[in-house]
Amino acid sequence: MEYDFKEIERKWQQRWAEAGTYHVEIDASRPKYYVLDMFPYPSGAGLHVGHPLGYIASDIYSRYKRQKGFNVLHPMGYDAFGLPAEQYAIQTGQHPAVTTEQNIKRYREQLDKIGFSFDWDREVRTCDPGYYRWTQWAFEQMYGHYYDTAADRAKPIAELEAHFAQRGTEGLHAACGKELHFTAAEWAAYSDKERADVLMNYRLAFQADTMVNWCEGLGTVLANDEVKDGLSVRGGFPVEQKRMRQWLLRVTAYAERLLQGLDGLAWSESLKEIQRNWIGKSTGATMFFPIKGFAAAGEGAKLLEIFTTRADTVFGVTFMVLAPEHPLIGEITAPAQREAVEAYLAETKKRSERERMADTKRVSGVFTGAYAINPFNGVEIPIWVSDYVLAGYGTGAIMAVPAHDSRDWAFARHFDLPIVPIIECDVSEGSYDAKEGRLINSDFLTGLDVKEAIPAMFAEIERRGIGHKKVNYRLRDAIFSRQRYWGEPFPVSYTADGIPVLLPESELPLLLPEVQDFTPTADGRPPLARVDGWGYETSTMPGFAGSSAYYLRYMDPKNDTALVSKTANDYWRNVDLYVGGIEHATGHLIYSRFWNKFLYDLGYVCEDEPFQKLVNQGMIQGRSNFVYRIKGTNRFVSFNLKDQYDTQEIHVDVNIVKNDVLDLDAFRAWRPEFKDAEFILEPDGRYVCGWAVEKMSKSMYNVVNPDFIVDNYGADTLRMYEMFLGPIEQSKPWDTNGIDGVHKFLKRLWRLVENVGDTPATDAELKVLHKTIKKVSDDIENFSFNTAVSAFMICLNELYDSKTTARLVLEPLVALVAPFAPHIAEELWHGALGHPETESVCDAPYPVCDERYLTESSFEYPVSFNGKTRFKRTFDLSMTPSQITEAIAADEQTAKYTDGRAIKKVIVVPGKIINIVC
RNA sequence: GCUCCGGUGGUGGAAUGGUAGACACGAAGGACUUAAAAUCCUUUGGCCAUUUUCGGCUGUGCGGGUUCAAGUCCCGCCCGGAGUACCA
C-alpha cells in the first residue's frame, strides 16, 4: 500500500478531534508541563509558512513530554484586539468584530491542517467579554494598589491613606511620580480632589500628564516599544511628542525586580541582554551644585541637581549642561544671554523628535551666562543649555567632563570649552571614556584607580551632604491609553471634578459598545466619545493589556469567578516553555512579567516569573525567484544566458518554480501579459530562474502558504521539513527545494514499517536504533530539531539497507518519530503495528535508550604524526593508553612513517584519536 | 557610535579542542521502464595524480598566537545581520 498522506491525515485529525485526544485536565498523579506559544494576532492575510515554525517546535516538544509521562498543557488562542482590524474597519466600514471572527476562522482551518496537539477547549480570545473582564479586573487592582519600596511589593492603597493620615509623607517608602512632602495635618485638611491627586501619584495604574508618542496617522498614542525610528511600528506613520493626560502603569516600580528576575530564567543571553538594556539600570549619585549669585541653603535656595555615574571625574568638570526643558533655565539665565537662550529654546522646540534623532551628531547649545560652583574646589563652571541632555532622564542636568565623555568632548570642542583630563591620557583626538586608569589632578582622589575612586567619591559626597547615591533606570512607565475603539474599555467614569470612579468588580465586564463610525470625532476625541450616554473613559487599553496574563487564563479558561482558580494555578504554576519571536523582548515580555509580579504580590498567582524557559524562533524570510525579460519584448532569457542581453529582472511566483526551474506553461497561465511569452532556454532545454532572499510578502510573489505544502506533501512532511531547515533560533529563507528529501524519508519509513514482522533484530540494527534514540532525545531536549531529523534519516538509511522487519526495532522507531510526524506514526501504530484504536501513539511510552548498545568494543583510530593522519588502526577499547603506545611502537608502519626519527610522545584520547609526536 | 550574534562546498546546514563538510537538496552518470513518474545504485570542497579509483597537496572571512592537535580557544582586523540610540 502506498503512503497516502492525504487520507491518513484527514482520518487522524478527525479522530483526534472526536476523541478529544488533546484535552487536558488537572491530574495530580502526573507531573505537569506547560508549553506555550505566543498566540497570534489573526491578520487578514492568513498564515504563511513562517508562522507555524515556532508552533511546530513547541508541538514536538509537547508531544515528547507527553510521551515521557508529563501532563502537558498546550493551549492556543488569539490576540484579537488591535489596530489592523480597526484600520480595516475605517477603510471598509466592516466591524472589527466581524473581520476578526472571519480571520480567526481562517487561522483555525490553517492550524488544524498541521496536526497540532492544542487543547482547543481552552481557547481564549482577548476580545471576548468573558476574557477581557479579567483584563479590566487587573487594571482595577493596579489602580487600587501602590508599591511599597521597603517591603518590595504592591500594597493596598488604603494602607497608604492610613499612613498619610497618621504621619503624612514622613517615613514613606513608596514608588511615585514625584516626591511629595506633607504632614498628617495637611493631609487631613486636603479636599477630596487634592487627596485623589496625591494618591494618583502612587497608584500602580494612574493618570498623569505626560509626554506621549502621538501618532496622527493612527489617531492614537503609542508606547515606546510601538515606535521605531520615529515611525509607528504598525503602519509606519510619523510619531510626534505631545503632552496629554493618559492612563499609565507604574512599571518602573518593578524595575529592579524585573532586572533581578532575569538571572533565574532559562532565556537566551541575547534576550536577557535586550531586557537589561531596556531597563537600563545605572548606579551613580545625584549631586547638588550651588549656583553663583543664589543662596545655597535656607529660604529661596537654588541648587543645581545633577545625576552622574562618574562622580570620580568631578575635578574634570568644565561646564554644566541643562536640558532645554529644565525649569531652572528661566531663573538663572543672565540678562545679557536671555535673548540667545530664548532663541535656542524656541528653535529646539520646533525640531521634532525625529529630526533630533536623525542628526545626533549635530552639536548645538547656548550659554546661560550663569555659573555653578564646584563643591569640591570652588571653581566657577559655566552653565549651558543643549538638547543633547534629555529632560526625561536623571535630573535633566549634567556635569560635563569633556575629557572622559565623548558627548561632552564633542560639545567642548564645538564651543571651545576647556578639556581637563583627570586620568593620564591623550584627549586631543577624543575623550577617554574607559573606567580604568589612575587619577591625576583630583585632590584626595589623586593616585587612586578609577574602580577605587568611584566608591570613595560616593562616600565623600554623602559625608559632605552634597548629594547621595542613586540608582536610575531607563525604563519608563507604560502608557496605557489608546484613543481607539477596538480594545478593552476602561471600567472608569469620572466625577464632575475629574476624580476617577471604578465600576464595581461585580459589574465587570464593562462591555465595549457598538459604534458605526470608527474614526476620531471632529474635535479629536476617540471613537467611544460618539456613543450616546457613554459615561465612561473614552480611550481603550493597548494591545499588550490583553496579552499580559493570557497564559494564566489558559489554566482555567471558563472560570467566571476568578482570573484563575487557586487550584488550577497551584497545579499549572507557570509556563515551563514559551516559544515565540524575539520582537516582543521590550514589549509583551516586559509587561507580562510586570503583570505577573503584581498578581504574585497580591497572592493571586504562586510564581513570581511567568515564563521559565523561553525559546525565540527565527523569522522565515522569503526566497524570491526572478525571470529576465529582454527589455521591450515578451521574450524571457534563462539565468545563465541573461548577460548576453539587455534584460529586466521580474519577480515570478515561487509556486510555479521548482528547484529554480520555471514551469513554462504555468508561467504563461500566471498572468495575461505572459500568455504569449517566448523563452530563450539553457542548452538542456530548461528555463533557470535567479533568486534572492527577501522579506516574505505578496508583492515579491514569494509567499508560500502552508496549505499548499500540506496539500502536496502532507502535514508530516511540512512539520519535519520546517524543523530540518536549520536551527530553530536562526532566521533563514524558506526554500521549498529540499522538501523532497524529508518526504522521501516518510515514504521509506512507511514502506519499512509496513512490512513489520516478528523477526529477530540483529545487533547492528539495535545499535542503530539505540544510537538514534539517544541522539534524538538529546536533540529534542536541546531544541536542536534539525539535527534530530538528520538522525532519523541516518537511522532509516541504515535500517532500509538491512531491510529490517523486526518489531523490536520498528515499534520504538515509530514512537520516536511520533512527535515530529504524528499522523503517519498514528497510522502505522494502529495499522502495521496493530495497536488498538484506543491507544493513541500520543501516549506511547517514549522509547528508552539501552546504553549497552552504545558502547563499542573496539575503535578504528586514525593514527597521526605531528597532527597529520597517516594511517588507521583498530584497537581494543579496553587497552590503556600505554598499551596502545607499545602497540604502535611495535608497528612496522610506525618506523616507515617516522623516517627514522625517534618518537617523543604518543597522545591517546580513548575513543578518539592517536597522535605521535616525533 | 555602543552592545550582541554570525562568516564552513553550487544551496540549507553538521562537527564535547581530536579523521571538517554528517544529513538533505541540487548536479553528473547509471539501472529499471515503450516513455514519464516513482524507486534504486555510483560520483560530487578545490587542485594535482591515477602504469589498478584504496594517493598527494590544499582547504572553515583575513593576519597573528596558544596547543601534539584549532572551524572550535586567545589577540588584532575585514565583512554581514540584529538590538539600541545623545540614558550622563
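A quick note: this is a predicted structure, and the numbers were derived from the prediction, not measured.
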Quiz item: Can you tell me how far C1' in rG13(B) sits from the matching atom in rG6(B), rounded to whole Å?
Solution: 14 Å

Exercise. Please determine if Glu269(A) and Arg276(A) form a salt bridge, counting it only when a charged side-chain N lies under 4.0 Å from a carboxylate O.
Key: yes

Quiz item: If we take the C1' atom in both rA22(B) and rG9(B), what is their distance in whole Å?
Solution: 14 Å

Quiz item: Can you tell me how far C1' of rA88(B) sits from CG of Leu304(A), to the nearest Å?
Solution: 13 Å

Quiz item: Whole-Å distance between rG1(B) P and Phe411(A) CZ?
Solution: 23 Å

Practice problem: Determine: side-chain N/O of Tyr388(A) to OP1/OP2 of rA88(B), distance under 4.0 Å, yes or no. | Solution: no

Quiz item: How about Asp408(A) and Tyr388(A): does a side-chain donor come under 3.5 Å of a side-chain acceptor?
Solution: yes

Self-check item: Arg686(A) and Asp660(A) ion-paired at < 4.0 Å
Solution: no

Exercise. Please work out if Tyr800(A) contacts a base, only the sugar-phosphate, or nothing of the nucleic acid, heavy-atom cut-off 4.0 Å.
Key: sugar-phosphate

Quiz item: Which part of the nucleic acid, if any, lies within reach of Asn786(A) when heavy atoms closer than 4.0 Å are counted: base, sugar-phosphate only, or nothing?
Solution: sugar-phosphate

Exercise. Using the six-membered ring wherever Trp is involved, compare the ring planes of Phe785(A) and Phe783(A) and label them parallel, tilted or perpendicular (cut-offs 30° and 60°).
Key: perpendicular

Quiz item: How far does the C1' atom of rA31(B) sit from the matching atom of rG12(B), given to the nearest Å?
Solution: 30 Å

Exercise. Please determine, for the side chain of Asp405(A), which listed nucleotide (rA27(B), rC25(B), rA88(B)) has the closest atom?
Key: rA88(B)

Exercise. Using Watson-Crick or G-U wobble geometry with both distances below 3.5 Å, tell me the partner of rC57(B), or none.
Key: rG46(B)

Quiz item: If only side-chain N and O atoms of Ser282(A) are considered, is one of them under 4.0 Å from the OP1 or OP2 phosphate oxygen of rA88(B)?
Solution: yes

Quiz item: Between His743(A) and Tyr3(A), how do the two ring planes meet: parallel, tilted or perpendicular, split at 30° and 60°?
Solution: tilted

Self-check item: Rounded C1' spacing from rA37(B) to rU50(B) in Å
Solution: 39 Å

Practice problem: Calculate the interatomic distance between Glu722(A) atom CD and rG13(B) atom P; express it in whole Å. | Solution: 14 Å

Quiz item: Which comes earlier along RNA chain B counting from the 5' end, the contact point of Trp278(A) or that of Gly394(A), where each point is its nearest nucleotide?
Solution: Trp278(A)

Exercise. Classify the glycosidic conformation of rG9(B) as syn or anti, calling it syn when the angle lies within 90° of 0.
Key: syn

Quiz item: Given that both distances must come in under 3.5 Å, which nucleotide forms a Watson-Crick or G-U wobble pair with rC2(B)?
Solution: rG83(B)

Quiz item: Rounded to the nearest Å, what distance is computed from the CZ atom of residue Arg686(A) to the P atom of nucleotide rG26(B)?
Solution: 11 Å

Quiz item: Out of Asp312(A), Thr308(A), Thr313(A), which residue meets the side chain to side chain donor-acceptor pair (under 3.5 Å) rule with Arg310(A)?
Solution: Asp312(A)

Exercise. When you get a sec, tell me which of rC40(B), rA38(B), rU84(B) is the closest nucleotide to the side chain of Lys747(A)?
Key: rA38(B)

Quiz item: To the side chain of Arg474(A), which of rA85(B), rA14(B), rA88(B) is closest?
Solution: rA85(B)

Self-check item: His584(A) and His588(A) aromatic ring geometry - parallel, tilted or perpendicular at 30°/60° bounds
Solution: perpendicular

Quiz item: If we call it a pair only when both distances are under 3.5 Å in a Watson-Crick or G-U wobble match, what pairs with rG10(B)?
Solution: rC25(B)

Practice problem: Can you tell me, in whole Å, how much space there is between the P of rA27(B) and that of rA38(B)? | Solution: 12 Å

Exercise. Please tell me which of the listed nucleotides, rC86(B), rA88(B), rU84(B), lies nearest to the side chain of Val389(A)?
Key: rA88(B)

Quiz prompt | Protein-nucleotide distance (His584(A), atom NE2; rG83(B), atom C1'), rounded to Å | solution = 15 Å

Exercise. Quick one: label Ile794(A) by what it contacts on the DNA or RNA (base, sugar-phosphate, nothing), any heavy atom closer than 4.0 Å.
Key: sugar-phosphate

Exercise. Flag the pair Glu2(A) and Lys747(A) as a salt bridge only when some basic side-chain nitrogen lies within less than 4.0 angstrom of an acidic carboxylate oxygen.
Key: no

Quiz item: Residues in ring-ring contact (aromatic ring centres under 6.0 Å, His included) with His326(A), at least two apart?
Solution: none

Quiz prompt | P-based separation of rG46(B) from rA36(B) [nearest Å] | solution = 29 Å

Quiz item: Which part of the nucleic acid, if any, lies within reach of Arg748(A) when heavy atoms closer than 4.0 Å are counted: base, sugar-phosphate only, or nothing?
Solution: sugar-phosphate

Self-check item: Short side-chain N/O contact to rC23(B) OP1/OP2 from Asn797(A), under 4.0 Å
Solution: no

Quiz item: Which nucleotide sits closest to the side chain of Met793(A): rU39(B), rG26(B), rA24(B)?
Solution: rA24(B)

Exercise. Determine the Euclidean distance between corresponding P atoms of rU52(B) and rU58(B); express it in Å to zero decimal places.
Key: 23 Å

Quiz item: Between rA24(B) atom C1' and Lys744(A) atom NZ, what is the distance in whole Å?
Solution: 9 Å

Self-check item: Complementary nucleotide for rC62(B) - Watson-Crick or wobble, under 3.5 Å
Solution: rG76(B)

Practice problem: Determine the interatomic distance between C1' on rG29(B) and the same-named atom on rC47(B); round to the nearest Å. | Solution: 22 Å

Exercise. Whole angstrom is fine here: how far is it from NE2 in His326(A) over to P in rA88(B)?
Key: 17 Å

Self-check item: Closest-nucleotide ordering on RNA chain B, the 5'-leading residue of Thr787(A) and Gly738(A)
Solution: Thr787(A)

Quiz item: Rounded to the nearest Å, what distance is computed from the CG atom of residue Asn277(A) to the P atom of nucleotide rG1(B)?
Solution: 18 Å

Quiz prompt | Set of side-chain contact (heavy atoms from CB on, under 4.5 Å) partners for Arg476(A), sequence neighbours left out | solution = Asn224(A), Tyr393(A)

Quiz item: With the sugar-phosphate defined as primed atoms, P, OP1 and OP2, and the base as all remaining atoms, what B/S/- string results for nucleotides 4-12 of chain B, 5' to 3', for protein heavy atoms under 4.0 Å?
Solution: S-------B

